[in-house]
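Okay, so here's the structure we're looking at.
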Amino acid sequence: MAIDQVTSGIEGGTAGEISESIRNLVGAGMLCPGDSVPPIRELASELGVHRNTVAAAYRLLVAAGVAETRGRRGTFVRAIPSLEGEGSIALAGHVDLSSGNPDPELLPDLGAALGRTSYSAPLYGTAATDPQLEQWARASIEPEVRRPFAITITNGAVDAVERLLTAHLTRGDAVAIEDPCFLASVGTLRVNGFRAVPVRVDAEGITPDDLHRALSSGVRAVVCTPRAHNPTGNSLTAERAEALGAVLADFPHVLVIEDDHFSAISSKPYHRLAPASTTRWALVRSVSKFLGPDLRVAIVASDVDTGARLSTRLRAGANWVSHLQQRLTSDLLGDPDVIDQLAEARRTYGHRRTTLTGALSARNIHVPDSMDGLNVWVPLERDSTPVVDRLASQGWLVRDGAQFAATPDRPHNALRVTASTITTDRARRFSAALAKILAG
Ligand SMILES: Cc1ncc(COP(=O)(O)O)c(C=O)c1O
């Protein structure tokens, strides 16, 4: 419902007063999420002010996260965005190849490990990071970053990315993200009012030309997945990482966040993105994919200033990530049996991806076999949404590539098929069903 010009109830003679008045109407429930505010020209004439004053008032509303502009359609009161995430709700009679989840059988038994954990409960005032986990993190990350760094622990990677962005950026700032993109990163940008600038991903990772374009357009941060990109499964090659580093070298103050979510079970080497000249950087290593998403721990190595900002933000809110989770993480990561289990998980996921890509290839659906991660990305030469619907009607749940668009105007015609628990029989039957749909 558009607010009526004559009875708008909006008051004020300055941008600040007009924006305050609209915020009060929203607060009182007289303007609801999704409602449009009056066109600039109309409100200016109603209030007897210059159009620029109303335009400035609307900019204040957008900056405060109260309203959003939808191009020529106008300015609207912002609704709480509905966000897509990993996971799915089991549907009886369906085979779920959509969840993006790890195989529970390949995760260590956290319940059993809890009983063996050397944990003593700290009180307020204790250092935020568990010393044993910090030691493990420093030893494993030092050879890879080769410069001074801080270690901070967050409640997973998505939490880390959000805290990092909000520590350095403000609402309205532009952030370069991969296209297609991990759903939670798109959501983080939307919720915090950052503007997504898409950077295409090809077989070797994000593309230098697109990155250069994004950086030249003024993005303040780049979020990149160096390995096992979700959804495509692509990883940065050494050559690509070097080329991207050369592009980033001209923009030393742009925050570079590397979300290395598959680290310990990746089948690819890690190639560092941020060049030595980058002043603000963070390497985020979540344990969700190999110790389980419920452990809610990510290790963040970052430049020292970013580390200080991150821990200050933590102190102002959650304070610290439970030492119980931290100690459990470091006990598990230091356990030789768990290390063997992780190696087994890496082999098994590789085998399952190949099982699926092989079965697809036998049906003439060819996808690259260089992928990593839990999913297989199947590009289509037609609109993927009806294909996803037809698969669902036959009992196969997969994710529509369109969901992973970095911005809604660039949907991808592809399927993301989670291969983490797939069997040979299922891979064959799924490929046959897909081939039949594509032939129809
Ligand atoms: C790219 C990417 N980053 C991070 C994560 C894990 O996030 P978190 O540590 O918050 O569970 C995932 C899980 O699907 C992912 O695909």
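We count ligands from 1, going down the list as the structure has it; atoms in each ligand are counted the same way. Numbers here are sequence positions counted from 1.
Distances from atom 13 (C) of ligand 1 to the heavy atoms of His261, Glu86, Arg227, Lys289 show the closest one on Lys289. The option from Asp259, Asn230, Val287 that lies nearest to atom 2 (C) of ligand 1, judged by heavy atoms, is Asp259.
For His229, the heavy-atom gap to ligand 1 stays at 4.0 angstrom or more.
Annotation: cation-pi pair Arg70/Phe76 present, NZ/CZ under 6.0 Å from the ring centroid and within 45° of its normal. Cation-pi contact between Arg363 and Phe430: absent, since separation from the ring centre below 6.0 Å together with deviation from the ring axis within 45° is not met.
At a heavy-atom distance under 4.0 Å, atoms from both the backbone and the side chain of Val158 approach ligand 1.
From the protein, the heavy atom lying nearest to atom 12 (C) of ligand 1 is Phe182 CZ, 3.3 Å.
Between Asn230 and the options His261, Lys289, Glu86, a side chain to side chain donor-acceptor pair (under 3.5 Å) holds for only Glu86.
Arg195 CZ: 12 or fewer foreign heavy atoms inside a 6.0 Å radius. Atom CD of Glu344 has more than 12 heavy atoms from other residues, nucleotides or ligands within 6.0 Å. Counting non-hydrogen atoms of neighbouring residues, nucleotides and ligands closer than 6.0 angstrom, the CD atom of Glu144 exceeds 12 such neighbours.
Heavy-atom proximity to Ser288, at under 4.0 Å, picks out these atoms of ligand 1: 8 (P), 9 (O), 11 (O). Every atom of ligand 1 is numbered from 1 in the order shown, and the set under 4.0 Å from a heavy atom of Ser286 is 8 (P), 9 (O). Short contacts between ligand 1 and Gly156, defined as distances under 4.0 Å to a heavy atom of the residue, involve ligand atoms 9 (O), 10 (O).
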Task: Working for salt bridge (charged side-chain N to carboxylate O under 4.0 Å, His left out), residues Arg327 and Asp130 - done: CA-CA 7 Å; Arg327 183 49 67 94; Asp130 173 63; 2.9 Å; yes

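Taking only nitrogen or oxygen atoms, main chain and side chain alike, Asn155 does not reach within less than 3.5 Å of ligand 1. Looking at ligand 1, you won't find any N or O of Asp159 less than 3.5 Å from one of its N or O atoms. Backbone and side-chain nitrogen or oxygen atoms of Pro293 are examined, and none is located within less than 3.5 angstrom of a nitrogen or oxygen of ligand 1.
Asp400 and Ser384 share a donor-acceptor pair across their side chains, judged by distance under 3.5 Å alone.
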